[in-house]
Q: 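Below are the structure tokens for one structure; questions will follow.
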Amino acid sequence: MVWYIVSYFILPVNPYQELIGYTFSFLPSIHNTAKAIAALSFEAIYAVLFVWLFLINGCLRIFICSRNLVVGKRIFILLFMWVPIVQLYLAHIMCNAAKDEYLVTLNRSKQEAFTKTDELCRTKYPIIMVHGIGFRDLRYFNYWGRIPQILQQHGAKIYYGHQNAWGTIEDNAATICRIIDKALSENNCDKVNIIAHSKGGLDCRYLISSLGYADKVASLTTINTPHRGSEIITLLNKLPDYVYRYIAKQLNKPFLLAGDTKPDCYAASKQLDPLFCEEFNLNNPNAKGVYYQSYTSIMKSLFSDSLLWFPYLLMCTQKGRQNDGLVDVSSAEWGEFKGVLKSTTNRGISHGDMIDLKREDIKGFDVLKKFYDIVCELKNRGY
């Protein structure tokens, strides 16, 4: 389109016609038939060049802009884009990514959750969104991806836990308590709803049961939380303790610079040990008056997530294939279990997919719509 606009509307002459005229000026004596053949040859070259540029333009746009083209696929494309036969397969990958993204966008355009601004997610109590282990609530990279945006579009009042990435359950719970008090004060209410992912669910259960916040929490929704621990920690415990402590110490350093006040990767990760969680559950039973519900998901193969394929394989050796890459289904069940979330394809839903970590539109599963439904249900329950 740009080429045609430049050629026919902006430039004083058509560069294509000028090129043919310039070439024929050197061949004044050739026969008209030869000129016709030469003209057709130029037409063919021009058409091939145009189609090639058109395809390159499309491939570049998909490569740079597509949400569905994950980091692993981008690296694969960069490595093998120079191999002629493989280029066809790479084009197939990019076309599929663009097609899936288009279908998701088309489907969302027909749903009120994405096309309207209303109050359907304005719950009676504000919502505290609590992140999991190894992450922080950052200003320019939201742990929850695009989820808060869709909830706020429908009236939700949202706060974030702001606990440490490598904080212990006890320290993180104390931090979240301060956020709860702030939300209660600013909204002139007596309770909050909590939506917690991964270890964040344990932090919140502790503040409810052990810190006396049961009367300040209306509901706790846990997403892929290892209530009974993670077998990944069972495997890591087989490392020599000094090796474990050294690795944990190295992980503490960047998060101390990022804002963690008391990073303790060693202690925080050990609290996900199934043996620790067994004792934790005995000491932190569900509190009366608080509505507990839980969701989880499963990866269907190691290809479901380029970041969690190896932990997924390790989990499969411990408790089978019913896991999200870090947490087994049986460990994620707590309170009213709302089931295992799956995609309609072989893609699977990983631990990170459940919080829109990679901002990827997954064919057959819409995490934004799922959180919209969760909050709408909380509102309908009177929370």
Side-chain angles (χ1 to χ4, degrees), residues 57-78 89-118 120-121 129 131-132 135 138 140-154 156 158 195 197-198 223-224 295-309 312 324-326 338-377:
N57 171 64
C59 289
L60 284 174
R61 293 180 66 182
I62 295 172
F63 182 84
I64 295 171
C65 302
S66 177
R67 292 194 187 99
N68 284 15
L69 206 60
V70 296
V71 174
K73 289 183 179 178
R74 282 187 165 92
I75 293 174
F76 181 77
I77 290 171
L78 287 175
Y89 177 65
L90 300 182
H92 173 72
I93 291 176
M94 289 190 284
C95 287
N96 274 345
K99 181 187 71 173
D100 291 345
E101 193 167 338
Y102 167 75
L103 292 175
V104 169
T105 303
L106 183 64
N107 183 52
R108 287 177 177 171
S109 68
K110 302 175 183 177
Q111 300 183 51
E112 292 186 358
F114 300 96
T115 58
K116 291 187 176 181
T117 300
D118 50 41
L120 292 179
C121 290
M129 302 189 77
H131 67 72
F135 286 87
L138 302 175
Y140 298 108
F141 182 82
N142 197 309
Y143 176 84
W144 298 88
R146 299 163 291 173
I147 295 169
Q149 181 181 354
I150 194 72
L151 298 181
Q152 290 170 330
Q153 177 183 327
H154 294 279
I158 292 176
I195 299 178
H197 178 247
S198 193
I223 310 293
N224 298 55
Y295 294 83
T296 193
S297 63
I298 58 172
M299 292 172 59
K300 293 185 179 180
S301 71
L302 59 88
F303 300 106
S304 295
D305 194 306
S306 58
L307 299 177
L308 293 177
W309 66 271
Y312 171 77
D324 65 359
L326 293 173
K338 293 302 185 70
V340 179
L341 303 179
K342 306 175 182 178
S343 67
T344 58
T345 66
N346 292 326
R347 165 66 168 74
I349 309 299
S350 73
H351 196 77
D353 292 333
M354 284 298 295
I355 54 166
D356 195 33
L357 184 64
K358 293 185 286 187
R359 281 67 171 165
E360 181 181 357
D361 294 323
I362 301 171
K363 185 178 180 181
F365 176 74
D366 195 328
V367 68
L368 307 186
K369 180 62 165 58
K370 188 60 191 178
F371 271 83
Y372 168 84
D373 292 339
I374 290 172
V375 175
C376 285
E377 184 182 347

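Reckoned from all heavy atoms, side chains included, excluding hydrogens, waters and symmetry mates. Along the sequence shown, residues are numbered consecutively beginning with 1.
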Q: Let me confirm one number: the OH-CG distance from Tyr295 to Leu341, rounded to the nearest 0.5 Å.
A: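 Reported value, rounded in 0.5 Å steps: 7.5 Å.
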
Q: Using a cut-off of 6.0 Å, state whether more than 12 heavy atoms not belonging to Glu377 lie near its atom CD.
A: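 For Glu377, atom CD is crowded (more than 12 foreign heavy atoms under 6.0 Å).
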
Q: To check you understand the geometry: which heavy-atom pair defines the closest contact between Asp353 and Ile362, and what is its length?
A: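 Taking every non-hydrogen atom into account, CG-CD1, 3.7 Å.
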
Q: Side chains of Met354 and Phe365: does their closest heavy-atom pair fall under 4.5 Å?
A: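 They are in side-chain contact.
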
Q: Is Ser198 close to His351 at the side-chain level, that is, under 4.5 Å between some pair of heavy atoms?
A: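 Yes - at least one pair of side-chain heavy atoms lies under 4.5 Å apart.
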
Q: Tell me, do Asn142 and Arg359 make a side-chain contact under 4.5 Å, heavy atoms counted?
A: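 In short, these two side chains touch, coming nearer than 4.5 Å.
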
Q: Compare all side-chain heavy atoms of His131 with those of Leu138 and state whether any distance is below 4.5 angstrom.
A: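 No; the side chains remain at least 4.5 Å from each other.
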
Q: Is Asp356 paired with Lys370 through a side-chain N to carboxylate O contact shorter than 4.0 Å?
A: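 Looking at Lys370 and Asp356, the cut-off is not met.
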
Q: I'd like to know if the side chain of Ser350 and the backbone of Asp305 have a donor-acceptor N/O pair within less than 3.5 Å.
A: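 No: the side chain of Ser350 does not pair with the backbone of Asp305.
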
Q: Once rounded to the nearest 0.5 Å, what's the spacing between atom CD of Gln153 and atom CG of Asp118?
A: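 Gln153 CD to Asp118 CG: 8.0 Å, rounded to 0.5 Å.
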
Q: At their closest point, which heavy atom of Arg74 faces which heavy atom of Phe63, and how far apart are they?
A: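 Looking at all heavy atoms of both residues, the closest pair is NE-O, 2.7 Å.
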
Q: As an exercise, state the distance from CZ of Arg61 to CE of Met94, rounded to the nearest 0.5 Å.
A: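 The CE atom of Met94 is 13.5 Å from CZ of Arg61, to the nearest 0.5 Å.
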
Q: With distance as the sole test, does Ser304 use its side chain to make a donor-acceptor pair with the main-chain N or O of Arg347 at under 3.5 Å?
A: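 At least one qualifying donor-acceptor pair exists.
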
Q: Taking Lys363 for the side chain and Ser343 for the main chain, is one N or O donor matched with an acceptor at less than 3.5 Å?
A: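 Side chain of Lys363 to backbone of Ser343, a donor-acceptor pair under 3.5 Å: no, none is there.
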
Q: If we only count heavy atoms from C-beta on, is the Trp144 to Ile158 side-chain gap below 4.5 Å?
A: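 No. Closest side-chain heavy atoms not under 4.5 Å.
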
Q: If you look at every heavy atom in Leu357 and Phe141, which pair is closest and at what distance?
A: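 Scanning both residues completely, I find the closest heavy atoms to be O-CZ, 3.8 Å.
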
Q: So, taking the atom named SG in Cys59 and the one named CD1 in Ile93, what distance separates them when rounded to the nearest 0.5 Å?
A: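 Separation between the atoms: 11.5 Å.
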
Q: Would the distance check show the side chain of Tyr372 and the main-chain N or O of Cys121 forming a donor-acceptor pair, the cut-off being under 3.5 Å?
A: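 No, because the side chain of Tyr372 does not come within donor-acceptor range (under 3.5 Å) of the backbone of Cys121.
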
Q: Give the ring-plane orientation class for Tyr89 versus Phe76, where under 30° counts as parallel, over 60° as perpendicular and anything between as tilted.
A: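 Perpendicular.
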
Q: Nearest 0.5 Å, what's the CD1-OH distance between Ile298 and Tyr312?
A: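 Rounded to the nearest 0.5 Å, the CD1-OH separation comes out at 7.5 Å.
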
Q: Can you see which heavy atom on Asp324 is nearest to which on Met299, and at what distance?
A: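 For Asp324 versus Met299, the nearest heavy atoms are O-SD, 3.3 Å.
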
Q: Leu307 and Lys358: which non-hydrogen atoms are nearest, and at how many Å?
A: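 Closest pair (atom of Leu307, atom of Lys358, distance): CD1-CD, 4.2 Å.
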
Q: Shortest non-hydrogen contact from Asn224 to Ser297?
A: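 Heavy atoms only, the tightest pair is ND2-OG, 3.1 Å.
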
Q: Quick one: CD on Gln149 to NE2 on His154, what's the gap to the nearest 0.5 Å?
A: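 So the gap between those two atoms works out to 10.5 Å.
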
Q: Ile355 vs Tyr143, test: side-chain contact (heavy atoms from CB on, under 4.5 Å). Steps then yes/no.
A: CA-CA 7 Å; Ile355 54 166; Tyr143 176 84; 3.3 Å; yes

Q: Within a radius of less than 6.0 Å around NZ of Lys73, do more than 12 heavy atoms belonging to other residues, nucleotides or ligands occur?
A: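 No, NZ of Lys73 has 12 or fewer neighbouring heavy atoms, counting only those of other groups under 6.0 Å.
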
Q: Is a side-chain N or O of His197 found less than 3.5 angstrom from the main chain of Met129, in a donor-acceptor match?
A: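 Answer holds: no.
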
Q: Are Ile147 and Leu368 close enough that some pair of their side-chain heavy atoms sits under 4.5 Å apart?
A: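 SC-SC contact between Ile147 and Leu368 confirmed.
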
Q: Testing Arg146, Lys369, Lys99 one by one against Asp361 for a salt bridge (Lys or Arg N to Asp or Glu O under 4.0 Å), which residue passes?
A: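 Considering Arg146, Lys369, Lys99, a salt bridge (Lys or Arg N to Asp or Glu O under 4.0 Å) with Asp361 is found only for Arg146.
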
Q: Is there a side-chain contact between Val375 and Ile195 (heavy atoms, below 4.5 Å)?
A: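 Contact flag for Val375/Ile195 side chains = yes.
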
